[in-house]
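Take a look at the structure set out below.
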Amino acid sequence: KIAIVRREKGVALSMDVYTDNLIERLKQLQPTWEIVEIAPTPWGKNGDENLWKSGTGVRKYYERLWNHPRQVSQIEADIYHIVDHSNAHVAYWLKKTGKPIVVTCHDLVQFVYPEILKDRARFPALSMASWKYSVRGMKSADRVITVSNHTAKDVHELLAIEQHQITAIPNGVDADFCPLPSAEVAAIRQQYQGSSQAFCLLNVGSSHQRKNIPTILNALLILRDRGVAVELWKVGEEFTAPQAAFIKVHHLDSIVKFLGKPDRATLQQIYNAADALIAPSLYEGFGLTILEAMACGTPVISANVSSLPEVAGDAAILVEPMDVEGIVAAVCDLKHNAIDRQNWSDKGLARAKEFTWTQTAERVALVYEQLTF
């Protein structure tokens, strides 16, 4: 019996993708295993808003740090798998069960960019202290699964967890992400593309500093000023106020489009419709979006830092993340060289096939077996 300790659904899409795919494949691989899921109680959504109206922050910490761990510890299981390092504090409570504990760590970005909470939390210092308390719960786990070797290195160096307790198991990519028929792609491009001549760059995800959006915008400005017909499609989180101001001041509004937070089917269409994914992140625990783009046959421009090279292999154009001219050159090459563009597309398709959720689940299941037999 496996107890999967997950985050509340809908809070973090990447965590839902990981957890849902892992559970689905585990059930297929091991149909005799019983899998139970447990997530924190959503605060402020159960009809008790008035009771907690003046203290939703208090309710959040009560649910997250006390009520949820208590509920998990009352579930009898052969192994407990906390699938998000932000919930690793649950491991403190589970130690008393004497059963094996596994935690998946996706990244330790807040150690690298502590300012991430500055504009995203009511009390940043309290949120950071809570986060550090949580992630240090990984030290109480019997095994830490990381989604990349780079994240494994971070876990070892930043949390002083022994390397033999860490297993790197990469993410997979959904089979739903695949190339679409050319006629369908043309119709989608017509829906989003401002100019039929424009080379459409896609960026997917948050707008946090580590995503390096200002460098993308600077590259876009140079391309525009050099007469290169180009557009930027942003999917996921809206631009920050400073980023939006840059777009307005430099009159980039006509070539920058925010496409919101599409569902998976629409996202697949957008990947297919774009000419290239541009993702020169400063830090990624894995970088799932570059795999999703590759699986759709979309060339990728990314960064040569953190986990990105081990995920991309030789199937993406990797640049120094702050090298604006390097990004400009990569875009121009893809735009003007159809043979190169097709080569990067083919390489990406082949690379994406190396990452499947079934392989991820097989390796996770092996960890379970190593700890219980």
Side-chain angles (χ1 to χ4, degrees), residues 12-19 21-22 83-86 104-113 116 145-155 168-174 176-177 201-213 215-216 219 232-237 264 267-268 270-271 274 276-323 326-327 330 344-345 347-357 359-360 363:
L13 178 59
S14 60
M15 295 301 105
D16 288 345
V17 170
Y18 178 86
T19 310
N21 278 286
L22 177 62
V83 294
D84 179 1
H85 55 278
S86 297
T104 296
C105 181
H106 299 267
D107 63 60
L108 290 176
V109 63
Q110 285 165 231
F111 278 123
V112 183
Y113 291 98
I116 193 171
I145 292 173
T146 63
V147 296
S148 65
N149 291 318
H150 182 270
T151 299
K153 180 173 177 286
D154 281 352
V155 168
I169 302 177
N171 292 329
V173 60
D174 287 349
D176 291 342
F177 290 102
L201 300 169
L202 173 65
N203 180 265
V204 179
S206 76
S207 297
H208 178 254
Q209 177 186 348
R210 69 187 176 99
K211 296 296 184 176
N212 205 16
I213 304 298
T215 299
I216 296 174
L232 174 64
W233 298 348
K234 178 77 170 67
V235 167
E237 188 176 55
R264 303 294 280 176
L267 180 58
Q268 179 209 19
I270 294 171
Y271 274 127
L277 179 80
I278 184 163
S281 296
L282 301 171
Y283 179 97
E284 291 287 350
F286 183 78
L288 186 57
T289 61
I290 66 175
L291 270 190
E292 291 175 343
M294 287 177 177
C296 293
T298 304
V300 171
I301 301 169
S302 191
N304 60 0
V305 297
S306 68
S307 65
L308 294 169
E310 67 181 277
V311 175
D314 65 352
I317 302 173
L318 301 181
V319 299
E320 291 288 341
M322 303 302 290
D323 182 4
I327 293 172
W344 286 117
S345 175
K347 284 184 176 182
L349 284 167
R351 180 66 175 173
K353 290 177 182 177
E354 298 178 24
F355 296 82
T356 70
W357 286 113
Q359 291 173 336
T360 300
R363 296 182 62 184

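Remember, it's a predicted structure, so these values are computed and weren't measured experimentally. The basis for the numbers below is simple: all heavy atoms, side chains too, and nothing from hydrogens, waters or symmetry mates.
The two residues Leu282 and Tyr113 have their closest heavy-atom pair at CB-OH, 3.2 Å. Ser281 and Val305 make their closest contact through O-CG2, 3.4 Å (heavy atoms, listed as atom of the first residue, atom of the second, distance). Residues Pro170 and Arg363 share a closest heavy-atom pair of CD-NH1, 3.4 Å. Shortest non-hydrogen contact noted between Ser206 and Ile213 is O-CD1, 4.4 Å. Residue Ala279 comes nearest to Ile290 through the heavy atom pair CB-CG2, 4.2 Å, listed as atom of the first residue, atom of the second, then distance. Closest heavy-atom contact between Ala312 and Leu318: CB-CD2, 4.1 Å.
Listed by chain and residue number, nothing satisfies the ring pair (Phe, Tyr, Trp, His ring centres under 6.0 Å) test with Trp344 (two or more places apart in sequence, or in another chain). Remark: Asn304 engages Glu320 in a side-chain hydrogen bond (donor to acceptor under 3.5 Å, both in side chains) (not counting sequence neighbours). Not counting sequence neighbours, the partners of Phe177 by the ring pair (Phe, Tyr, Trp, His ring centres under 6.0 Å) test are Tyr271. Qualifying side chain to side chain contact (heavy atoms under 4.5 Å, CB included) partners for Val83, counting only residues two or more places apart in sequence or in other chains: Ile4, Arg6, Tyr18, Thr19, Leu22, His81. Remark: Val235 pairs with Leu202, Val204, Leu259, Pro262, Leu267, Ile270 by the side chain to side chain contact (heavy atoms under 4.5 Å, CB included) rule, at least two apart or across chains. Residues meeting the salt bridge (charged side-chain N to carboxylate O under 4.0 Å, His left out) test with Lys153, sequence neighbours left out: Glu157. For the side-chain hydrogen bond (donor to acceptor under 3.5 Å, both in side chains) test, no residue two or more places apart in sequence or in another chain qualifies with Thr360. Partners of Glu354 according to the salt bridge (charged side-chain N to carboxylate O under 4.0 Å, His left out) rule, which considers only residues two or more places apart in sequence or in another chain, are Arg351. With sequence neighbours excluded, the residues forming a side-chain hydrogen bond (donor to acceptor under 3.5 Å, both in side chains) with Ser148 are Thr151, listed by chain and number. Scored by the side chain to side chain contact (heavy atoms under 4.5 Å, CB included) test, Thr356 finds Thr358, Gln359 as partners (sequence neighbours excluded).
Annotation: the span from Ser302 atom OG to Asn212 atom CG amounts to 10.0 Å, rounded to 0.5 Å. With rounding to the nearest 0.5 angstrom, the OG1 atom of Thr146 is 9.5 Å from the CG atom of Asp154. Annotation: the span from Asp107 atom CG to Ser86 atom OG amounts to 8.0 Å, rounded to 0.5 Å. To the nearest 0.5 Å, atoms CD1 (Ile317) and CG (Leu277) are separated by 11.5 Å. Asp84 contributes atom CG, which lies 10.0 Å from atom CG of Asp16 (distance to the nearest 0.5 angstrom). Note that CG of Leu201 and CD1 of Ile327 are 10.0 Å apart. Values are rounded to the nearest 0.5 Å.
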Practice prompt. Mind running side-chain contact (heavy atoms from CB on, under 4.5 Å) on His85 and Thr104 for me, showing each step along the way?
Written response: CA-CA 6 Å; His85 55 278; Thr104 296; over 6 Å; no
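In this structure, Asn203 contributes its side chain and Lys234 its backbone to no donor-acceptor pair below 3.5 Å. Asp174 contributes no side-chain N or O that, together with a main-chain N or O of Asp176, makes up a donor-acceptor pair within less than 3.5 Å. With hydrogens and angles ignored, the 3.5 Å screen pairs no side-chain donor or acceptor of His106 with any backbone N or O of Val147. The main-chain N or O of Val17 is found under 3.5 Å from a side-chain atom of Asn21 such that the two form a donor-acceptor pair. Between the side chain of Lys347 and the backbone N or O of Ala350 there is no donor-acceptor pair closer than 3.5 Å.
Within the structure, the ring pair (Phe, Tyr, Trp, His ring centres under 6.0 Å) test picks out the following pairs touching residues 282-322 (sequence neighbours left out): His150-Tyr283. Annotation: salt bridge (charged side-chain N to carboxylate O under 4.0 Å, His left out) contacts involving residues 277-305, sequence neighbours excluded, comprise Arg210-Glu284, Lys211-Glu284, Arg264-Glu292.
Put simply, the side chain of Asn149 does not reach to within 4.5 Å of the side chain of Ser307, judged on heavy atoms. Under the 4.5 Å side-chain criterion, counting only non-hydrogen atoms from C-beta, Ile216 is in contact with Pro280. Between Leu291 and Asn171 the shortest side-chain heavy-atom distance does not fall below 4.5 Å.
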